[in-house]
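Read the structure below first, then the notes.
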Amino acid sequence: MSQVIATGSIGSTLLSPGSGSAYDTAQKLLKPATFSSIVFQSYRNKCSQVGLRSFHVSARKSASVNVVPVSPEDDSKIEEHLQHLRGAQKFGDDSAGIWSKPTFRRKTKIVCTIGPSTDTKEMIWKLAEAGMNVARLNMSHGDHASHQKVIDLVKEYNAQSKDNVIAIMLDTKGPEVRSGDLPQPVLLNSGQEFTFTIQRGVGTADCVSVNYDDFVNDVEVGDMLLVDGGMMSFLVTSKTEDSVKCEVVDGGELKSRRHLNVRGKSATLPSITEKDWDDIKFGVDNQVDFYAVSFVKDAEVVHELKNYLKSCGADIHVIVKIESADSIPNLNSIITASDGAMVARGDLGAELPIEEVPLLQEEIISLCRSMGKAVIVATNMLESMIVHPTPTRAEVSDIAIAVREGSDGIMLSGETAHGKFPLKAVKVMHTVALRTEATIHGGQMPPNIGQVFKNHMSEMFAYHATMMSNTLGTSTVVFTRTGFMAILLSHYRPSGTIFAFTDEKRVKQKLALYQGVCPIYMEFCDDAEATFIRALDFLQKQGMVKEGEEVALLQSGRQPIWRFQSTHNIQVRKV
């Protein structure tokens, strides 16, 4: 029988329907149902019928505050404004000790694609300072030598930084269908005829090669062919043994090696190509932290990759990219087999009607959270900042929605890879995420993440540690050698920061992706109490917690440290 130990005094009642005035006050302050909650209610009902857990985001009325302008220049003002918000968000006249909030940190993580604009030591250091948590290597561009340079620079940064860490994500190219080379861009107008052929080396004003031999077999008359996700579109009018003839619907300038999609269809290509396997081996050799696998259609691909990694002794997490029409019917099995998912909205919006993309985004985030998996929202988040120094207001709202829906990470692609303003883009994303998080009410019951961890006593302790964080406003300190307990806590989304101490540097890097987790490397000693004191002293010296602040110290998880296998405990300590 498991021994349950709880130390420390909690001078407050948990918020529940039976907890009296605090709960009643909170309910009175809640706004009525918003327009969006009414419109999407039918969709949420549909999700619940197929076993997906839907959730509502509620906004509570607070004292009048000034809105923080969203721009990189406002970074210096954000903490002062957040302090004001915290004061406005208190429930009432409870003691300051009980309701005081921990030092505020951004919880949603930022993934930055590294490219020609950012592949220098100076820029990687600046990106890290601006808020980058994960460096993404896009294997569709560059070669192993250029990616090796970036990996070495990120590892150099991690070796030098004491209070920050950058994880490395290798994103496979996947089975992309692309047009061939053209001597010069071809201007096409609506109504004009144009041909795509599987013959190699063709590039004229009215015909271009395609790099996929089964292209003609996959395409049918009446299909809509999209270039670069819809920048240009072609209606298939007829086909021969080696060519597909089209009518230009939406014209434009066709350049070399453009990405091609057929609306509503996926190419009958393997998800992991020969090039991808070479890149995966490159990642194993360099001990990257995550693979983002492109165009995953079923769980078999994930199992195949995980078996390969196991045979190599490689501890690399697999993130599946949901970007093809064929993946949607298999969402449950694909995400179950993986360590997380990426909502790759570019190709997803090309293969499916674009109005389905925001609904699928919400569904995928909800599904990942119900399964205890990481989730990243990607593509076009700050697309205009590739060429402009400020974002559109729609882009700002897009970031805020992803944060409110509960995404672990939000991603920048061309904005940081080849954009003109990579640092400003990261600062905007940081500021918008931080501002949005400050308005999300944290004093609520933790979400039920289902039966994922039902065989572990750790789940109950993670749940109650989250309740403690949400009720007392405490941060949580956890010690881990595998990352399991920190990841479990992250999925419950406690209101305070999760300070995850580990003596494994690889674990520290992986935890950089998970929402609300601040991973810290520290060598553990044999004496538990001495390690606890060192950890709290480190947090205080780094300004991560303040003197007199209460923190919840959690001992649980799959691998016991300083405890018996059957013993789990939570302590509340004052710094």
Side-chain angles (χ1 to χ4, degrees), residues 113 115-116 136-144 146-147 170-188 194-220 223-236 239 242-246 248-279 292-297 321 323-327 344-352 378-380 413-414 417-418:
T113 305
R136 171 179 173 254
L137 307 176
N138 186 356
M139 306 309 286
S140 296
H141 304 283
D143 53 21
H144 284 184
S146 62
H147 294 305
L170 188 153
D171 195 324
T172 64
K173 179 180 180 180
E176 291 183 330
V177 180
R178 289 186 178 269
S179 62
D181 289 320
L182 289 165
Q184 60 186 23
V186 177
L187 184 62
L188 299 175
F194 193 80
T195 301
F196 294 90
T197 179
I198 59 174
Q199 296 179 28
R200 294 291 182 260
V202 179
T204 66
D206 56 9
C207 185
V208 69
S209 297
V210 175
N211 69 341
Y212 172 38
D213 290 337
D214 277 338
F215 181 71
V216 176
N217 298 328
D218 284 359
V219 172
E220 300 294 339
D223 283 346
M224 187 65 73
L225 181 61
L226 305 178
V227 175
D228 285 345
M231 295 297 103
M232 299 174 66
S233 59
F234 301 79
L235 179 66
V236 178
K239 64 179 189 176
D242 60 5
S243 299
V244 174
K245 294 186 178 182
C246 304
V248 179
V249 177
D250 296 307
E253 193 175 62
L254 181 65
K255 299 179 181 178
S256 297
R257 302 184 185 182
R258 296 297 89 192
H259 187 46
L260 305 178
N261 293 95
V262 179
R263 175 77 77 190
K265 293 183 178 180
S266 299
T268 54
L269 285 165
S271 293
I272 302 179
T273 65
E274 288 186 18
K275 172 181 166 40
D276 293 336
W277 282 116
D278 287 339
D279 293 337
V293 186
S294 298
F295 298 100
V296 175
K297 301 172 187 176
K321 294 173 69 176
E323 55 186 340
S324 67
D326 289 347
S327 66
R345 302 178 301 182
D347 284 292
L348 196 60
E351 295 198 5
L352 294 171
T379 320
N380 303 135
S413 300
H418 58 83

Exercise. Got a sec, which residues hit side-chain contact (heavy atoms from CB on, under 4.5 Å) with His418, two or more places apart in sequence or on another chain?
Worked result: Ser117, Ile386
Exercise. What pairs with Asn211 under side-chain hydrogen bond (donor to acceptor under 3.5 Å, both in side chains), at least two apart in sequence or on another chain?
Worked result: none
Problem set entry | With sequence neighbours excluded, residues passing salt bridge (charged side-chain N to carboxylate O under 4.0 Å, His left out) with Asp326 | none
Problem set entry | Residues which pass salt bridge (charged side-chain N to carboxylate O under 4.0 Å, His left out) with Lys239, listed by chain and number, not counting sequence neighbours | Glu220
Exercise. Testing Val177, Asp223, Asp218 for side chain to side chain contact (heavy atoms under 4.5 Å, CB included) with Val262, which one passes?
Worked result: Asp223
Problem set entry | For Thr113, side-chain hydrogen bond (donor to acceptor under 3.5 Å, both in side chains) partners two or more places apart | Arg136
Exercise. Distance only, no hydrogens: is a donor on one side chain within 3.5 Å (strictly under) of an acceptor on the other, for Lys245 and Thr195?
Worked result: no
Problem set entry | Residue pair Asn261 / Leu225, side-chain heavy-atom distance below 4.5 Å | no
Seminar exercise, completed: Those residues at least two apart in sequence (or on a different chain) that pass salt bridge (charged side-chain N to carboxylate O under 4.0 Å, His left out) with Asp279 are Lys275
For this session: Output yes when a side-chain donor or acceptor of Asp276 lies under 3.5 Å from a complementary backbone atom of Gly174, and no otherwise.
Result: yes
Exercise. Looking at Lys321 and Asp347, does any basic side-chain N land under 4.0 Å from a carboxylate oxygen?
Worked result: no
Exercise. Salt bridge (Lys or Arg N to Asp or Glu O under 4.0 Å): which pairs involve residues 198-217, sequence neighbours left out?
Worked result: Arg200-Asp213
Exercise. How long is the span from the CG atom in Asp250 to the CE atom in Met224, to the nearest 0.5 Å?
Worked result: 7.5 Å
Problem set entry | Partners passing ring pair (Phe, Tyr, Trp, His ring centres under 6.0 Å) against His144 (at least two apart in sequence or in another chain) | Phe282
Problem set entry | pair Val208-Phe196: side-chain heavy atoms closer than 4.5 Å | yes
For this session: Kindly indicate whether the side chain of Ile272, heavy atoms from C-beta on, has any atom under 4.5 Å from the side chain of Val293.
Result: yes
Problem set entry | Arg258 and Asp228, any side-chain heavy atoms less than 4.5 Å apart | yes
Problem set entry | Donor-acceptor contact below 3.5 Å, side chain Ser209 vs main chain Gly180 | no
For this session: Could you tell me the separation between the CG atom of Leu188 and the OG atom of Ser233, rounded to the nearest 0.5 Å?
Result: 11.0 Å
For this session: I would like to know whether Leu235 and Cys246 meet side-chain contact (heavy atoms from CB on, under 4.5 Å); could you show each step before the answer?
Result: CA-CA 5 Å; Leu235 179 66; Cys246 304; over 6 Å; no
Exercise. Looking only at atom types and distance, does a side-chain atom of Glu351 sit under 3.5 Å from a main-chain N or O of Ala325, one as donor and one as acceptor?
Worked result: yes
Problem set entry | side-chain contact (heavy atoms from CB on, under 4.5 Å) assessment of Tyr212 paired with Leu269 | CA-CA 9 Å; Tyr212 172 38; Leu269 285 165; 3.4 Å; yes
Problem set entry | For Arg345, side-chain hydrogen bond (donor to acceptor under 3.5 Å, both in side chains) partners two or more places apart | Gln361, Asp398
For this session: Kindly say whether Leu170 contributes a backbone atom to a donor-acceptor pair with the side chain of His147 at under 3.5 angstrom?
Result: no
Exercise. Does any non-hydrogen side-chain atom of Val244 lie less than 4.5 Å from one of Phe234?
Worked result: no
Exercise. Quick one: ring pair (Phe, Tyr, Trp, His ring centres under 6.0 Å) partners of Phe295, sequence neighbours excluded?
Worked result: none
For this session: Using a 4.5 Å cut-off on heavy atoms from C-beta on, say whether the side chain of Ser294 contacts that of Lys173.
Result: no
Problem set entry | Side-chain donor or acceptor of Ser327 paired with backbone N/O of Ser324 under 3.5 Å | yes
For this session: Any pair with a residue in residues 175-186 that passes salt bridge (Lys or Arg N to Asp or Glu O under 4.0 Å), sequence neighbours left out, goes on the list, sorted by first then second residue, please.
Result: Glu176-Arg178, Asp181-Arg257
Exercise. Do Leu226 and Leu260 come within less than 4.5 Å of each other through their side chains, counting heavy atoms only?
Worked result: no
For this session: Output all residues satisfying side-chain hydrogen bond (donor to acceptor under 3.5 Å, both in side chains) with Thr197, sequence neighbours left out; order by chain, then residue number.
Result: Ser243
